[in-house]
Each structure stands twice: as structure tokens, then as C-alpha cells.
Peer 1: 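My questions will all concern the structure given below.
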Amino acid sequence: MTPVLTLAGVSKRFAARPGAGRRAWTRAVWDALRGRDPDPGALGRDGGPVVPALADVSLTIRRGEAVGVVGLNGAGKTTLLRLAAGHLIPDAGTVTCSGRVGTLMDLTAGFSPALTGRETIPLAAALAGRTAAEIAAATPHIEAFCGLGPALDRPVGGYSSGMALRLGFAIAAHADPDLLLVDEVLSVGDFPFRQHCLARMMVLKERAAVLLVSHNLAEVARFCDRVIVLHGGRIAFDGPTEAGLAVYRRLAEGAAAPCQDPGLETADTPAFLAPLFRDAERVGPLDLAWLDAAGRPVSAVPFGAPLTLRLRATLTAPARALFVGVPLYAPDGTRVTGLASDLAAPPLAAAAGETITVTLSLPAPCLNPGPWRGVAVLHDGPGTLARQPLPPLTVTGGPSRHWGHWTPDARWSLSGSRTIPREGGCQAAREMAQ
Ligand SMILES: Nc1ncnc2c1ncn2[C@@H]1O[C@H](COP(=O)(O)OP(=O)(O)OP(=O)(O)O)[C@@H](O)[C@H]1O
């Protein structure tokens with residue numbers, strides 16, 4: 001497949017002090033007017049603080065790919081798209097884009113508030129690089145796609161953000177782009193229109209590439225076949241969607257860089273538990289144990305037996321709103337569930353030196369037989385103090401058969417004119433099914 005976008009070793013910094021960015025920009029314009037290349041080192045040379053928005057990013061996007069870009073706030077997603085669109089110049093590295101780029105990054109870009117929706121279509125389409133003949137051919141499709149009806153004859157200045165999205169998306173999607181860049185704007189659309197947009201992007205990706213920045217992981221999972229996870233301006237993952245979203249979820253749970261404390265990882269710690277860490281200045285090591293119904297520490301329990309997870313920790317600094325999250329992972333690394341104390345109980349304040357105890361009771365766990373892993377994540381308000389692996393737990397088999405990762409407490413009822421006696425009946429039914 002032909003590459004439509006290539007970034008090689010791209011870095012981008014911004015001035016963090018008000019006015020400094022403007023001075024750097026003025027310097028760059030003077031350099032350009034004098035025929036000199038912009039000096040990327042100029043930013044921050046005055047000793048002012050800079051924000052490294054992207055650092056050493058390399059990637060290739062090919063025709064036919066739908067690539068989701070995910071990451072925490074400030075990870076560099078919009079900066080990546082603005083560089084790809086040519087709205088920003090990299091400080092280092094190169095951005096190569098072949099073909100026409102369609103952007104949907106700012107809902108009202110190219111819209112003049114006084115013009116009606118109908119008048120906006122040819123103007124915005126021309127700004128997107130369409131010729132007069134192409135615009136004339138595409139206009140009926142754009143009008144039909146956006147579904148704005150009579151509102152097309154109202155000034156766009158009075159449009160809601162969802163209406164602006166409808167018009168902007170319709171124009172961008174009918175501009176025949178080789179690369180469509182979509183930055184988080186779909187979230188303002190109503191559910192039916194978002195489905196409409198995803199369906200249109202599915203068609204587009206047959207001959208183009210789509211780069212979609214989104215915090216809506218369900219949409220990324222449905223639409224994208226590849227995910228790039230940005231973390232602190234760097235690529236933390238680039239690969240299949242499911243694995244990428246798992247990396248993102250772990251970053252979101254931990255909201256921290258990978259483990260700095262080697263004591264947290266042992267030889268048998270699976271990679272899917274990462275990132276592991278502990279803020280040693282705020283909390284001591286988490287003392288974690290699985291307990292059986294009698295309160296005894298256990299490493300194995302029969303299927304369905306009641307279980308309790310106990311966490312003890314001593315704070316080394318005061319904490320204002322402690323709560324705990326516990327994601328549980330099946331043997332293959334699938335995250336089967338995530339339990340969070342703040343959904344069921346108020347958070348806890350604690351003084352420095354105080355030892356807290358948190359228990360999570362599972363009266364009837366549905367975990368199927370096998371070795372189970374998990375992590376305990378101790379949060380204090382928006383910050384995370386520690387993310388430490390749970391002791392391994394083996395669930396041993398019972399008399400029933402098990403499929404998948406869990407078996408809920410379920411009751412069946414079959415009614416009809418004749419039931420087969422239970423004695424030998426199950427065997428008879430199995431034989432009939434064979
Ligand atoms: N024009 C700018 N001037 C100064 N700093 C900037 C500018 N644009 C971006 N930044 C900084 O660069 C970093 C990356 O920003 P960016 O908007 O790319 O993140 P993002 O991943 O899109 O975040 P979000 O999910 O919140 O939209 C942030 O620290 C941001 O404050």
C-alpha cells in the first residue's frame with residue numbers, strides 16, 4: 001500500500017511563556033523573508049520554558065488504513081495532526097504527505113458566520129482544494145449527507161456545534177481526500193450522525209487513509225484497524241487496535257510512566273500488568289492479600305468460593321481522597337473487569353504515618369478456573385500513588401464445564417409440552433446434537 005503520510009524523527013516544542021511563541025514566530029518570518037531556513041533552536045534560547053509537545057515521532061500511514069490516535073490530555077495528538085496537515089512546521093525531523101489532505105480539526109475553520117450553510121459549501125470546498133466542476137458535482141451529495149434541510153439557508157454563525165460538524169464533515173468527506181485528519185470533533189454529533197460519519201469513513205478508507213484522534217474508545221475499536229498511543233509526546237504503542245487500547249487503558253489507570261521501582265516486578269510478572277510504580281515519597285509498599293471466607297490468606301480457591309482482597313498501606317505524606325481501583329486479568333491478558341471503590345464507597349483521608357486498610361469482598365466471584373492476575377491502583381484524588389500487582393490467584397475447577405473467562409450465577413428455564421427426565425437426559429440431548 002502506498003504511504004500517504006510519513007513522519008521521520010519529528011519533534012515539536014512550544015514556548016510556555018506568554019508572548020515567547022509570538023517572538024519566535026516573528027523571528028521565523030524574518031528568517032524566511034531573508035531567505036534563511038527557520039532556526040528551530042531559537043525557541044527557548046532566551047532561557048524561557050518550552051513544552052515538548054512531540055519528541056522523535058516516526059510513523060508511516062498508508063492508503064487503506066484507518067488509524068486511531070489516542071492518549072491522555074496533552075499527549076500530543078492534536079500537535080501530530082496539525083503537523084500532518086501542514087499547519088505547523090516541525091522543529092526537527094520531516095513530515096512528508098503525498099496527495100490531498102482533508103482536515104476536520106476545527107469545526108468552523110473556513111466558515112464565515114454571515115454566510116448561509118449553502119453559501120459556505122462552495123467556499124469551504126474551494127479552500128479544501130476542489131475545482132469549480134468538482135464542487136458543482138459534489139454539492140448535492142454534501143447537502144444530502146449533512147441532513148441540515150432548511151437550516152442550510154440560515155447563517156452558519158447561528159449553527160450549533162453539532163450542525164457545524166454536519167456541514168464541516170460533509171464538505172471534508174466529499175473533498176476526495178487521500179488522507180482525512182479528524183480531531184475529536186465527532187463527539188459533538190448526535191448518535192445517528194456519528195454512525196453516518198463512521199460509515200462514510202469506512203467507504204473513504206477503501207481508497208484513502210484516515211487518522212482519527214478520539215477519546216471515544218468504542219468508536220476507535222469499531223473503526224480503526226491500527227492504533228497509535230501517544231504518551232508525553234512520544235509513541236508508546238503503534239499496532240493492532242485491541243492491543244493499543246489495552247496499553248492506553250493501562251496508562252489511563254496508572255496515569256504514570258512505567259515502573260521506576262524494580263522491586264515491583266518479578267520474573268513471573270506478565271507484561272500486561274504494566275505500568276507498575278509507587279510514589280515512595282507518599283506511600284509505603286502496598287501489602288496485598290487474597291483471603292478466603294475464614295479470613296485466611298490463600299493463593300488458590302475453588303470456583304465460586306467467596307473471596308476478599310485486602311490492601312494495607314502506610315502513608316508517608318497526608319492524603320486527601322484515597323480510593324482504589326482493581327482491574328482483573330484472565331490468563332491471556334484480557335482485562336475481564338475493573339472494580340473501583342469510589343463507585344461504591346466515599347474516599348478516605350489519611351495523615352502521614354497512618355496505615356489504611358481497604359477490603360474488596362467478592363461473595364460469589366464468577367471467575368472461571370485458571371490463574372488470575374490483577375493490579376491494585378491506589379489513587380489520591382486525580383493523582384495515582386501506586387500501581388502494584390496483586391498476588392497470583394488460581395481458581396480451581398468445579399463439577400461444571402466453563403467457557404470463556406467467567407460464568408455468571410445464571411438460572412435457566414425451559415418450558416414445552418414434554419421434558420426429558422434429567423437422569424440420562426443430558427446424555428441423550430448431547431447424542432442428538434452430534
Ligand atoms: N500553541 C501552543 N502553545 C503552547 N503550548 C502548546 C500549544 N499547542 C500545544 N501545546 C502544548 O503541547 C502539548 C500537547 O498538546 P496537544 O494539544 O497536542 O495535546 P492533545 O493530546 O491533543 O491533548 P487533548 O487530549 O487535551 O486535546 C500540551 O502540553 C500543550 O499544552
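Nothing here was measured: the structure is a model prediction, and the numbers come from that model. Read the numbers this way: they start at 1 and go in the same order the structure lists the ligands and their atoms. Reckoned from all heavy atoms, side chains included, excluding hydrogens, waters and symmetry mates.
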Peer 1: Nearest heavy-atom pair of L81 and L181: which atoms, and what distance?
Peer 2: O-CD1, 3.8 Å

Peer 1: Looking at ligand 1, does K12 have a heavy atom less than 4.0 Å from it?
Peer 2: no

Peer 1: Can you figure out which of L230, V70, L81, T78 has its heavy atom closest to atom 17 (O) of ligand 1?
Peer 2: T78

Peer 1: Got a sec, which pairs hit ring-ring contact (aromatic ring centres under 6.0 Å, His included) with one end in residues 69-125, sequence neighbours left out?
Peer 2: none

Peer 1: Please state whether the rings of H174 and H141 are parallel, tilted or perpendicular, taking 30° and 60° as the class boundaries.
Peer 2: parallel

Peer 1: Which atoms of ligand 1 sit under 4.0 Å from any heavy atom of N73?
Peer 2: 23 (O), 24 (P), 25 (O), 26 (O)

Peer 1: Counting each atom of ligand 1 from 1 as listed, which ones have a heavy atom of A75 under 4.0 Å away?
Peer 2: 19 (O), 20 (P), 21 (O)

Peer 1: Should F14 be counted as touching ligand 1, given the test is an N or O pair under 3.5 Å?
Peer 2: no

Peer 1: Number the atoms of ligand 1 from 1 as they appear, then name those within less than 4.0 Å of a heavy atom of T79, with their elements.
Peer 2: 14 (C), 15 (O), 16 (P), 18 (O)

Peer 1: Enumerate the atoms of ligand 1 whose separation from the nearest heavy atom of H215 is less than 4.0 angstrom.
Peer 2: 25 (O)

Peer 1: Do K205 and E65 meet the salt-bridge criterion of a basic N to acidic O distance under 4.0 Å?
Peer 2: no

Peer 1: Nearest to atom 20 (P) of ligand 1 by heavy atom, R13, H231, R82, K77: which?
Peer 2: K77

Peer 1: Counting heavy atoms only, name the option from G74, G232, G233, G76 that's nearest to atom 13 (C) of ligand 1.
Peer 2: G74

Peer 1: Of all residues at least two apart in sequence or in a different chain, which pass the ring-ring contact (aromatic ring centres under 6.0 Å, His included) check with F169?
Peer 2: F145

Peer 1: Indicate yes or no: at least one non-hydrogen side-chain atom of L167 is less than 4.5 angstrom from one of Y159.
Peer 2: yes

Peer 1: Which is it for E184 and ligand 1 at heavy atoms under 4.0 Å: side chain, backbone, both or neither?
Peer 2: neither

Peer 1: With a 4.5 Å limit on heavy-atom distance, are the side chains of L80 and L230 in contact?
Peer 2: yes

